[in-house]
Amino acid sequence: NGDTVLVFDGIYHENNISFGGKEVVLISENGPDQTKIDGQNSGRIFDINQGETFNTEINGFSIQNGQASTGSAVRVINDSYITIRNCRIINNSAPGGWTRAALSLGHAYNNGPHTPAAVHVFNTVFSDNSGYYGGAVFNEQSGNVRSIFENCTFKLNTAYHGAGIFGTRNSLIKGCSFFYNNSTGPTNAVIQNEAGYPEIINCTFAYNSAYAITRSSSNPTTIVNSI
């Protein structure tokens, strides 16, 4: 616990990276343009499932070309948590039906048990990701720990349900931009709420082939200063 791992510039071909439950900061030397973790379309890139906390952090990477049915870039399950900063999560895919988004919370697999999980994501771009339930983010975790998406950009993501985010739970979505996302299913949304009660603050939705938000519930959705 407590270590910082500094990663030099380069392209690293990796799958199923695990922190083993440790509170470790994984940080690139010169940011996501210079430091890329590439799944080569041969599997998931990060698997966060051993009780990590928000003190476990991924900072300054392009996380790209992952391919898996759930969490092709990052899967977070089993009462685990992670912080992601200054990253680009790009071109990750979950082909076929009933699959989950590039960043998936709470489900190990389709129809699997709901487990506690959450993320804090800051200054990160989600681009060109695809899945069935969610293109960029799938959030069906149990428990009450809040996920945060702050100053993030969601663009060119595609899904049948919820091109940007499928399932919001009690998330805080603040200062985010949603551009050119495409949802092809009947609910046709950038954010598909699925009975969540998020706060959406200072966000911009533009040029999407979908409604901004659909499928609210009796729980309140708070939208402040957003267009």
Side-chain angles (χ1 to χ4, degrees), residues 14-22 37 39-54 56 58 63 65-84 89 91-121 126 129-149 154 157-171 173 183-187 189-198 214-217 219:
E14 300 287 345
N15 296 110
N16 294 313
I17 299 170
S18 172
F19 291 98
K22 301 297 185 182
I37 304 176
Q40 296 186 291
N41 295 310
S42 62
R44 180 179 298 112
I45 298 174
F46 284 95
D47 205 4
I48 311 303
N49 62 14
Q50 297 186 48
E52 290 84 356
T53 75
F54 290 123
T56 304
I58 303 167
I63 303 170
N65 299 325
Q67 187 175 99
S69 62
T70 302
S72 51
V74 183
R75 181 177 69 170
V76 188
I77 55 174
N78 297 344
D79 203 13
S80 301
Y81 308 89
I82 195 160
T83 298
I84 300 172
I89 298 176
N91 200 40
N92 300 283
S93 61
W98 319 111
T99 60
R100 270 64 172 160
L103 171 59
S104 290
L105 312 177
H107 265 191
Y109 50 87
N110 183 43
N111 291 327
H114 294 261
T115 63
V119 291
H120 289 170
V121 186
F126 295 84
N129 301 291
S130 61
Y132 187 89
Y133 291 115
V137 175
F138 172 91
N139 183 9
E140 286 290 291
Q141 56 90 11
S142 63
N144 295 313
V145 179
R146 171 178 257 196
S147 287
I148 298 173
F149 301 91
F154 297 77
N157 301 289
T158 302
Y160 190 73
H161 298 293
I165 300 173
F166 179 94
T168 56
R169 293 303 193 239
N170 61 342
S171 296
I173 303 167
S183 181
T184 61
T187 51
V190 176
I191 297 177
Q192 188 159 324
N193 206 350
E194 291 301 305
Y197 46 102
T214 62
R215 295 193 73 166
S216 296
S217 70
N219 294 315

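Because only heavy atoms are used, hydrogens play no part in the values below, and waters and symmetry mates are left out as well, while side chains stay in.
- Looking only at side-chain heavy atoms (C-beta outward), Asn65 and Gln40 stay at 4.5 Å or farther from each other.
- Every residue two or more places apart in sequence or in another chain that forms a side-chain hydrogen bond (donor to acceptor under 3.5 Å, both in side chains) with Asp79 is listed here: Tyr81.
- Remark: the Asn49 side chain and the Ser80 side chain contain no N/O donor-acceptor pair separated by less than 3.5 Å.
- Within the model, atoms CG of Asn16 and CZ of Arg44 stand 6.0 Å from one another, a figure rounded to the nearest 0.5 Å.
- The structure places CD1 of Ile45 at 7.5 Å from CD1 of Ile37, a figure rounded to the nearest 0.5 Å.
- In this structure Pro95 satisfies the side chain to side chain contact (heavy atoms under 4.5 Å, CB included) test together with Gln67, Ser93, sequence neighbours excluded.
- For Ser147, the side chain to side chain contact (heavy atoms under 4.5 Å, CB included) partners are Leu105, Ala118, Val119, Asn139, Phe149, Ser171, not counting sequence neighbours.
- For the pair Phe166 and Glu194, the tightest heavy-atom approach, listed with the atom from each and the gap, is CZ-CG, 3.4 Å.
- Nearest heavy atoms, Ser104 versus Gly71: OG-N, 3.1 Å.
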| request: Walk me through it: do Gln141 and His107 pass the test side chain to side chain contact (heavy atoms under 4.5 Å, CB included)? | output: CA-CA 7 Å; Gln141 56 90 11; His107 265 191; over 6 Å; no
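- In summary, of the residues considered (Thr187, Thr168, Thr214), a side-chain hydrogen bond (donor to acceptor under 3.5 Å, both in side chains) with Gln192 occurs for Thr187 alone.
- Distance alone, capped at 3.5 Å, is enough to place a donor-acceptor pair between the Thr83 side chain and the Phe54 backbone.
- A search for side chain to side chain contact (heavy atoms under 4.5 Å, CB included) contacts involving Ser69 returns Thr99, not counting sequence neighbours.
- Gln50 meets the side-chain hydrogen bond (donor to acceptor under 3.5 Å, both in side chains) test with Ser18; sequence neighbours excluded.
- Listed by first and then second residue, the salt bridge (Lys or Arg N to Asp or Glu O under 4.0 Å) pairs involving residues 111-121 amount to none (not counting sequence neighbours).
- Taking each heavy atom of Asn110 and Thr70 in turn, the nearest pair found is N-OG1, 4.4 Å.
- Side-chain atoms of Val121 and Leu103, non-hydrogen and from C-beta on, do get closer than 4.5 Å to each other.
- Taking the side chain as every heavy atom from C-beta outward, Ile173 and Ile165 approach each other to under 4.5 Å.
- In plain terms, the two heavy atoms of Asn193 and Pro198 that are nearest each other are OD1-CD, 3.4 Å.
- The CD1 atom of Ile63 lies 8.0 Å from the CD1 atom of Ile17; values are rounded to the nearest 0.5 Å.
- Applying the salt bridge (Lys or Arg N to Asp or Glu O under 4.0 Å) definition to pairs two or more places apart or across chains, none involves residues 101-115.
- In this structure Phe46 satisfies the ring pair (Phe, Tyr, Trp, His ring centres under 6.0 Å) test with no other residue, sequence neighbours excluded.
- Here the straight-line distance linking atom NE2 of His120 with atom CD1 of Ile148 works out to 3.5 Å at 0.5 Å rounding.
- Phe19 is linked by a ring pair (Phe, Tyr, Trp, His ring centres under 6.0 Å) to nothing, counting only residues two or more places apart in sequence or in another chain.
- In terms of the salt bridge (charged side-chain N to carboxylate O under 4.0 Å, His left out) criterion, Arg100 has no residue partners (sequence neighbours excluded).
- Aromatic ring orientation, Trp98 versus Tyr133: tilted (interplanar angle from 30° to 60°).
- A donor-acceptor contact shorter than 3.5 Å links the side chain of Ser183 to the backbone of Tyr160.
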| Glu52/Lys22 under side chain to side chain contact (heavy atoms under 4.5 Å, CB included): CA gap, chis, key distance, verdict | CA-CA 6 Å; Glu52 290 84 356; Lys22 301 297 185 182; over 6 Å; no
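- Across every non-hydrogen atom of Ser72 and Ala68, the tightest pair is CB-N, 3.5 Å.
- Scanning for side-chain hydrogen bond (donor to acceptor under 3.5 Å, both in side chains) contacts around Asn157 gives Asn129, Asn181, with sequence neighbours left out.
- Side chain of Thr115 to backbone of Gly106: a donor-acceptor contact under 3.5 angstrom is found.
- For Thr184, there are no side-chain hydrogen bond (donor to acceptor under 3.5 Å, both in side chains) partners at least two apart in sequence or on another chain.
- Atom OH of residue Tyr109 and atom CZ of residue Arg75 lie 10.0 Å apart, to the nearest 0.5 angstrom.
- The two residues Gly66 and Asn92 make their nearest non-hydrogen contact at N-OD1, 2.7 Å.
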